[in-house]
Amino acid sequence: MAHAETAQHTEEEYTSTGINHRKLLMWVFLSSDCLFFGSLIATYMVYRGQSLVGPYPIDIIDIPITTISTFVLLCSSFSMVRALAATIANNQKGIQIWLLITALLGAIFIGFQVYEFNLFRSEGLYIYTNLFGTTFFTLTGFHGAHVTLGIVWLLGLFFVARKGRLGPKTVLDVEIAGLYWHFVDIVWIVIFTLLYLIGGFDAGPTAVIGPAPSMVPLV
Amino acid sequence: MSSQSHGEHSSHPTLKQYVIIAIILFAITIVEFFIIWPYNRIGAASTPVLIILSCIKFAIVIFYYMHLKFDRRLLTWIFLAGLALGLVVSMALMTLFSSVYATPAPRPYAAANAVPYVHGEEGHEVASEAGHQEPVHASAEATHSEAESIGSAGESASSGEVDLGMEVFAGIGACGACHTVEGVAAGVVGPDLTYIGSEAASRKPGMSAEDYLIESIKDPEAFVAEGVERAMPGLMTAAVTSHLTDEQVDGLVAFLLEQK
Amino acid sequence: MAAITAAIPRPTSSATGIWSWLTTVDHKRIGVLYGVSAFILFLIGGIEAGVMRLQLMTPDSNLIDPDTYNAMFTMHGTTMIFMAIMPMGAAFFNFLIPLMIGARDVAFPRLNAFSYWVFLFGAIIMHVGFLVNAVPDAGWFSYANLTGIEYSPGAGLDYWAVSLQVLGVASLAAAFNFVVTIINMRAPGMSLMRMPLFVWMTLITSILLVLAFPVITVALIELTFDRLFGTVFFVTSAGGDPILWQHLFWVFGHPEVYILILPAMGIVSEILPTFSRKPLFGYPVVVFSGIVIGIMGWAVWSHHMFTTGLGPMALSVFTITTMLIAVPTGVKIFNWMGTLWGGSIEFKTPLLWSVGFIALFIVGGLSGVSHAVSPSDYQQQDTYYIVAHLHYVLFGGSLMGLFAGVYYWFPKLTGKFLNETLGKVHFWLWFVGMNMTFFPMHFAGLNGMPRRIYTYGTEYGWDNMNLIASLGYLVLFVGALLFIVLLIQSIKNGKPAGHDPWDAPTLEWTISSPPPAYNFAEIPQVEGIDHYWIQKRKAEAEGNPITGPEAPVDPSTIHMPSPSYWPLVIAFGVAWIGGGLFIEIPWPYIKYPVCFIGGIIAFLGVIGWANEPAAAESHH
């Protein structure tokens with residue numbers, strides 16, 4: 001989000017590796033964020049099947065709905081990539097449209113999360129109900145917070161684009177926002193797989209930790 | 001080593017390539033969805049398969065969308081270092097907490113005290129507290145048969161009380177988590193019940209075998225027979241079995257009386 | 001949004017006074033800020049130690065009550081680790097790294113300033129507890145579930161958790177900065193294997209920080225959620241496991257202790273060559289062992305948990321990994337000895353401190369190896385034997401290494417020497433005092449004296465050991481007072497030091513003392529590990545010896561980042577995001593309005609920052 005002149009100035013700055021400072025910073029940050037989400041995921045995995053009271057995942061996890069929200073997020077990664085391409089190509093309209101679409105898709109994803117959280121709460125699962133509620137809401141909540149910050153960032157870029165300040169000279173600004181956004185998407189890929197596709201069938205401590213038994217109807 | 005401006009960007013994938021990548025990601029997600037819904041079609045293999053498919057999606061996004069394939073190697077090393085460390089630490093924690101190394105699996109306290117969630121009963125009660133209306137699922141009877149089928153481990157339900165009792169023992173009652181009955185369960189936390197059928201009558205003076213068993217199930221703390229070994233006093237409380245219906249308790253008693 | 005910046009004018013580089021310090025982005029000044037703050041907090045931590053030693057001086061003592069004692073050991077540990085040693089290290093990173101790699105500043109000067117202010121606010125939050133009689137008192141590692149709302153209902157633990165979270169933000173911001181700076185801003189010719197060893201250790205420490213702090217961030221989130229929002233992470237009645245806290249804490253905690261020691265090792269690795277007048281022995285091996293320590297430090301954490309019932313498999317694995325990690329540490333020690341061996345030794349004060357570091361660190365390392373073996377740790381855990389170990393490595397190790405650096409680089413910072421003779425007296429007071437205080441603890445611990453007890457009966461036979469330890473504290477206290485006196489005296493009347501008082505090999509000595517704001521008039525072309533020695537020997541051989549620093553130039557010709565108040569604003573906002581958790585209102589929509597306001601302030605600050613160019617005037 002830097003002033004165009006400054007961005008140009010820093011992009012021409014000497015670096016020992018040839019990688020721009022801010023880009024290097026973002027990758028180091030993402031590496032560090034792996035540990036953050038890794039710890040939250042580890043907490044969830046350690047507590048799988050240990051809740052003493054329900055609702056348990058098998059009772060309320062809704063895989064179809066969440067698959068749709070996963071698609072939404074995947075689409076937003078695609079639109080982010082288009083936004084970066086538009087920036088490189090100096091397609092001013094394209095930059096604005098694709099940034100806005102990405103932010104919108106992110107917002108829709110958050111909408112799905114909010115819907116799901118409310119659904120769970122209506123079923124009696126609160127963050128304080130049991131280990132499942134605690135670990136689930138904390139992990140997905142922090143992921144949602146990351147997404148929300150990303151949406152704010154993208155909207156900020158959108159407003160900067162409206163002033164005509166995004167273009168081939170300021171590709172880095174869009175690229176770095178893109179890195180963050182894609183990272184948030186891949187964290188969701190991990191969460192979706194572990195908490196929904198695999199963990200969605202957990203049913204209390206007497207269940208063996210593992211996949212759902214075959215042929216047990218879920219509907 | 002001059003600074004980079006857009007030299008790297010010339011190796012961006014084209015729009016067509018990006019669309020193909022997006023389609024691949026969608027396709028993998030669809031495959032994952034159909035593996036697991038509406039029921040698990042591949043059984044125990046689903047966990048490794050899903051993990052591998054997700055890793056593929058993960059790698060595609062990182063290397064193509066995040067451009068890591070075309071950037072300097074250093075960035076790949078930096079990211080993979082954090083990723084690998086996060087993975088190793090998570091797996092180490094999971095191993096340290098797994099039932100493979102811990103005391104009897106599943107954890108006896110949790111197993112003994114866990115309350116199965118029942119739609120239509122508790123769900124309805126809690127839902128009404130929250131001010132919402134209907135429970136999402138069917139009535140109590142349907143859920144009982146649901147619970148039975150989860151607990152029956154493949155066995156079909158038959159009419160005898162003893163059979164019901166065995167199902168409850170191994171399933172929804174979670175008795176086998178702590179108690180041993182040879183041929184049925186091998187819990188090591190609570191007293192061995194393999195011969196309880198012949199011992200029950202003499203356990204508590206003045207109480208019939210049947211009444212003793214009912215009391216032991218519904219109110220375990222009321223009386224502990226002499227010489228009975230307890231791994232940890234106070235583990236089995238009335239709460240452990242409070243979710244069982246009278247019919248299920250009768251079945252358990254009938255089953256246990258058969259253990260001679 | 002430029003309007004925000006226009007409302008309050010951006011300070012210029014010629015600003016003076018308090019405002020110039022509040023808005024500085026100059027790494028040298030930020031280093032001073034860190035150093036001064038860390039030293040003050042070190043004194044506070046020292047007072048807390050003194051209260052404990054006074055209480056333990058005699059058996060059955062009632063000087064302070066048990067609750068106060070608990071607060072003392074909690075605050076002493078927390079303060080010394082997070083608010084004394086770490087920021088002292090940060091002071092060195094800040095001041096030295098750009099100078100050592102031939103750069104004019106760090107990669108992100110405003111982020112650097114931000115990290116200092118957040119650190120300061122975090123330290124303040126931690127100590128607010130004293131003002132409201134809610135001091136953290138569950139130990140510096142605050143094990144669950146003692147720290148849960150059931151057993152620690154007061155606000156003390158909230159202050160601990162929130163402030164540590166804020167301090168974590170500061171550490172992370174600084175570490176990100178140094179990773180990028182070291183990787184990306186080295187002068188031409190300075191390949192990684194030509195970097196001064198202190199720079200290497202800073203790089204490894206920063207990478208450890210960047211990877212370890214997220215783990216404690218999560219642990220603190222889980223603790224805070226348990227206390228504030230009723231979650232059940234560590235609530236046993238819901239199936240939660242307090243051991244999870246221990247694991248998460250120590251997965252962070254063990255890399256943390258390497259974060260604490262590696263900078264001191266780096267400092268010592270700079271000082272020994274200078275005063276032996278020969279290069280560091282086995283430079284690549286020392287680098288490599290530092291890297292190995294950094295990596296292996298992730299594989300040993302459960303040795304802090306040997307007595308929690310991990311099971312024989314875990315015990316064996318962690319015993320082996322912990323014993324293995326002694327190897328690279330030992331390698332370094334041999335390399336240091338190899339550096340001194342055959343050298344032309346000048347026993348100036350910095351060298352004295354460095355040799356003291358090596359000796360005391362070896363003692364701490366030896367007791368450490370005995371802890372590594374889990375069966376023997378069963379006897380040692382939670383006894384004073386561990387207290388002895390940790391103080392030998394942290395006081396005899398980290399602290400003395402850092403002070404070696406203080407005496408070594410003070411002339412570069414100020415252009416004056418710290419009084420050489422008094423400096424040696426300071427060293428001996430601390431060396432003797434430290435051994436008096438902590439050596440008896442080995443015996444007390446093996447004799448059964450547990451940690452964290454506020455008093456003990458005379459029948460145990462620990463009286464003399466505790467008496468000696470407490471008397472040793474008094475010696476340390478005198479030493480600290482002496483240092484304050486000599487510091488003030490040296491700042492006022494110190495013997496002038498030139499640009500290169502020690503005839504040292506690294507880049508920071510090529511420029512004047514104190515350095516000009518722009519550091520280097522001309523970015524050097526680096527020719528080797530000991531670049532300045534190479535330059536000086538070459539110049540001498542040519543008959544044209546180097547007698548002065550690099551010639552100064554008109555500062556306005558060099559494009560430097562401009563001061564900024566946004567780092568302070570954002571830090572203020574972040575502090576209130578944390579502090580706002582103490583102010584809860586019953587409105588269902590926003591229960592923590594101050595957090596929200598803090599977030600808004602931080603957000604506006606970020607917008608202001610993003611719209612402000614790194615340097616005020618463009619010179620195009």
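Lettering of chains follows the sequences in order, A, B, ..., and the numbering in each one begins at 1.
- The distance from atom CD1 of A/I41 to atom CG of B/L87, rounded to the nearest 0.5 Å, is 9.0 Å.
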Side chain to side chain contact (heavy atoms under 4.5 Å, CB included) assessment of A/T70 paired with B/F33: CA-CA 11 Å; A/T70 306; B/F33 177 70; over 6 Å; no
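- In terms of non-hydrogen atom pairs under 4.5 Å with chain A, the most contact-rich of B/L85, B/I62, B/L68 is B/L68.
- Among B/V89, B/L80, B/L25, B/L75, the residue with the largest count of heavy-atom pairs under 4.5 Å with chain A is B/L75.
- At a threshold of 4.5 Å between non-hydrogen side-chain atoms, the residues A/F78 and B/Y65 count as touching.
- By a heavy-atom distance cut of under 4.5 Å, B/S54, B/K57, B/F58, B/V61 are the residues of residues 53-61 of chain B near chain A, going up by number.
- Taking OG of A/S39 as the start and CG of B/L93 as the end, the distance is 7.5 Å to the nearest 0.5 Å.
- Here the straight-line distance linking atom CE of B/M66 with atom NE2 of A/H182 works out to 7.0 Å at 0.5 Å rounding.
- In this structure, OH on A/Y44 lies 10.5 Å from CE on B/M94, to the nearest 0.5 angstrom.
- Ranked by heavy-atom pairs under 4.5 Å with chain B, the list A/W181, A/Y196, A/F71 is led by A/F71.
- Interface remark: A/S77 contributes backbone and side-chain atoms alike to the contact with chain B (heavy atom separation under 4.5 Å).
- At a heavy-atom separation below 4.5 angstrom, chain A is approached by B/L15, B/Y18, B/V19, B/A22 within residues 13-23 of chain B.
- Here A/T67 contributes atom OG1 and B/I30 contributes atom CD1; the two are 10.0 Å apart, rounded to the nearest 0.5 Å.
- Heavy-atom distances place both the backbone and the side chain of A/L74 under 4.5 Å from chain B.
- Ring geometry for B/F79 versus A/F183: interplanar angle over 60°, hence perpendicular rather than tilted (30 to 60°).
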Worked verdict on A/K23 versus B/D71 for side chain to side chain contact (heavy atoms under 4.5 Å, CB included): CA-CA 11 Å; A/K23 185 164 168 177; B/D71 278 329; 3.1 Å; yes
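- When all heavy atoms of A/L197 and B/I36 are compared, the closest pair comes out as O-CG1, 3.4 Å.
- Here the OG-CZ distance, from B/S46 to A/F201, works out to 7.5 Å after rounding to the nearest 0.5 Å.
- Counting heavy-atom pairs closer than 4.5 Å to chain A, the top residue among B/A84, B/A92, B/S90 is B/S90.
- Considering all non-hydrogen atoms of both residues, B/G82 and A/L35 come closest at O-CD2, 3.4 Å.
- Looking at B/I78, the atoms closer than 4.5 Å to chain A (heavy atoms on both sides) sit in the backbone and in the side chain alike.
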